[in-house]
Asks: 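Quick one: the structure is below, questions incoming.
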Amino acid sequence: MAEQRQRALSTSGEALYQVLGLDKSSTHDDIKRSYRKLALKYHPDKNPENPDATDKFKELNNAHAVLSDVTKRNIYDKYGSLGLYVSQQFGEENVNTYFMLSSWWAKGLFAICGLLTGCYFCCCLCCCFNCCCGKCKPHTPGEEDTECYVSPEDLEEQIRTDNERDGDTPIVLQPTNASEKTQLIGDGHRTYT
């Protein structure tokens, strides 16, 4: 079984143009023309005895798919095949953000903030504990404490008083058919037609 070699991701953005025999300044029509010419030359049906033709044809299709799409071509021109990989993982709209956050100055800023504050998660935790869950939020003097303990006996007593206050008894049976509706109340039946 032949092992396929793993390609390294480049940041130059030159290889796909070389597959089509073009340079970066090529127009959309140049890319289309070159692809058609080379696709006819390396099509697997025209070269059944050449196993390398299939691989070359796959490379041509990949190069054409990337270079004919304006967004993918811009990403490829700016960031190379690494940019295309990032766009597959995080979406085309997030490529610039990814490369900005992975730059040396963003990493340095993160390290400096961590060293100055003593905590890498200081900003996040301050926001979460003060706003989201409010565990560390300071209480104002007139504010009631919303978290209080209620004993089970008090809860049972409250349920009993609520049940006594509601004079209606609950319906415990479903109607048997559409024309007759029966409601079981206490000891007797009440029938509605």
Side-chain angles (χ1 to χ4, degrees), residues 1-138 146-147:
M1 193 147 78
E3 291 183 27
Q4 291 188 357
R5 64 183 179 141
Q6 182 71 22
R7 285 191 183 185
L9 297 174
S10 73
T11 56
S12 65
E14 302 276 335
L16 294 182
Y17 290 103
Q18 291 173 356
V19 167
L20 293 175
L22 301 169
D23 58 354
K24 277 191 173 185
S25 62
S26 301
T27 64
H28 182 69
D29 291 333
D30 293 338
I31 293 169
K32 190 187 229 182
R33 233 180 282 119
S34 178
Y35 168 73
R36 286 184 179 176
K37 181 177 125 184
L38 292 171
L40 286 174
K41 181 179 178 182
Y42 291 105
H43 197 280
D45 291 343
K46 291 196 175 198
N47 299 306
E49 69 283 344
N50 187 359
D52 294 334
T54 303
D55 294 334
K56 182 70 173 174
F57 187 72
K58 288 179 184 177
E59 285 182 19
L60 288 170
N61 281 332
N62 181 42
H64 179 256
V66 170
L67 297 177
S68 63
D69 184 357
V70 176
T71 307
K72 288 182 182 178
R73 183 176 179 182
N74 289 338
I75 291 171
Y76 183 73
D77 287 346
K78 193 169 184 181
Y79 302 113
S81 57
L82 180 61
L84 292 175
Y85 176 77
V86 170
S87 72
Q88 288 175 349
Q89 299 299 315
F90 302 112
E92 293 174 352
E93 64 277 355
N94 298 321
V95 173
N96 289 331
T97 306
Y98 173 82
F99 282 103
M100 182 191 65
L101 292 175
S102 63
S103 65
W104 64 269
W105 63 266
K107 292 176 185 175
L109 183 64
F110 181 73
I112 290 171
C113 287
L115 291 173
L116 290 177
T117 61
C119 176
Y120 283 102
F121 303 106
C122 181
C123 294
C124 176
L125 291 177
C126 287
C127 290
C128 290
F129 283 127
N130 282 328
C131 301
C132 300
C133 61
K135 295 287 184 188
C136 297
K137 186 176 182 181
T146 57
E147 296 180 25

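Keep in mind it's a predicted model, so treat the numbers as computed, not measured.
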Asks: If you compare all heavy atoms of Asn96 against all heavy atoms of Lys78, which two are closest, and at what distance to 0.1 Å?
Replies: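 Closest pair (atom of Asn96, atom of Lys78, distance): OD1-NZ, 4.0 Å.
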Asks: Assess the residue pair Tyr79 and Leu84 against the criterion (side chain to side chain contact (heavy atoms under 4.5 Å, CB included)); give the C-alpha distance rounded to whole Å, side-chain angles, the decisive distance to 0.1 Å, and a yes or no.
Replies: CA-CA 8 Å; Tyr79 302 113; Leu84 292 175; over 6 Å; no
Asks: Decide yes or no for Leu82 and Phe99: does some side-chain heavy atom of the first lie under 4.5 Å from some side-chain heavy atom of the second?
Replies: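 Yes, at least one pair of side-chain atoms sits under 4.5 Å.
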Asks: Rounded to the nearest 0.5 Å, what separation is found between the OG atom of Ser26 and the CZ atom of Arg73?
Replies: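 Result: 6.5 Å between the selected atoms.
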Asks: What are the two closest non-hydrogen atoms of Val95 and Gly83, and how far apart are they?
Replies: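 Taking every non-hydrogen atom into account, CG2-O, 4.0 Å.
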Asks: Take Lys58 and Tyr42, measure what side chain to side chain contact (heavy atoms under 4.5 Å, CB included) needs, and give me the verdict at the end.
Replies: CA-CA 9 Å; Lys58 288 179 184 177; Tyr42 291 105; over 6 Å; no
Asks: Nearest 0.5 Å, please: how far is NZ in Lys37 from CG in Leu60?
Replies: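 Nearest 0.5 Å value for the CG-NZ distance: 11.5 Å.
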Asks: Report the C-alpha separation of Tyr35 and Leu22 in whole Å, then their side-chain angles, then the decisive distance to 0.1 Å, and conclude whether the side chain to side chain contact (heavy atoms under 4.5 Å, CB included) test is met.
Replies: CA-CA 10 Å; Tyr35 168 73; Leu22 301 169; over 6 Å; no
Asks: If you round to the nearest 0.5 Å, how far is OG of Ser81 from CD1 of Ile75?
Replies: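 It is 12.5 Å, given to the nearest 0.5 Å.
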Asks: Do Val70 and His28 have side chains that get closer than 4.5 Å, going by heavy atoms?
Replies: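 A side-chain contact under 4.5 Å is absent here.
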Asks: Other residues, nucleotides and ligands only: do more than 12 of their heavy atoms fall within 6.0 Å of NZ on Lys32?
Replies: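 Incorrect, the count does not exceed 12.
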Asks: Would you find a donor on one side and an acceptor on the other, under 3.5 Å apart, between the side chain of Ser34 and the backbone of Asp30?
Replies: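 Between the backbone of Asp30 and the side chain of Ser34 there is no qualifying donor-acceptor contact (under 3.5 Å).
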Asks: Working to the nearest 0.5 Å, report the span between NZ of Lys41 and CG of Asn47.
Replies: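 Output value for this atom pair is 9.5 Å.
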Asks: Working to the nearest 0.5 angstrom, can you tell me the gap between Asn74 CG and Asp69 CG?
Replies: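 One gets 9.0 Å once the value is rounded to the nearest 0.5 Å.
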Asks: Where do Lys72 and Val66 come nearest, in terms of heavy atoms and distance?
Replies: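 Closest pair (atom of Lys72, atom of Val66, distance): CB-O, 3.6 Å.
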Asks: Under a 3.5 Å distance rule, please check whether Tyr76 uses its side chain to pair with a backbone N or O of Leu16 as donor and acceptor.
Replies: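 Yes.
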Asks: Could you grab the distance from atom CG of Leu20 to atom CG of Asn62, nearest 0.5 Å is fine?
Replies: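 The CG atom of Asn62 is 10.0 Å from CG of Leu20, to the nearest 0.5 Å.
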Asks: Under a 3.5 Å threshold, yes or no: a donor from one side chain and an acceptor from the other, between Thr27 and Asp29?
Replies: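 Side chains of Thr27 and Asp29: no pair found under 3.5 Å.
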Asks: Applying side chain to side chain contact (heavy atoms under 4.5 Å, CB included), run through Trp105 and Met100 and close with a yes or a no.
Replies: CA-CA 9 Å; Trp105 63 266; Met100 182 191 65; 3.7 Å; yes
Asks: Identify the heavy atoms of Lys46 and Leu40 that sit nearest to each other, and give their distance.
Replies: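 For Lys46 and Leu40, the tightest heavy-atom pair comes out as CD-O, 3.4 Å.
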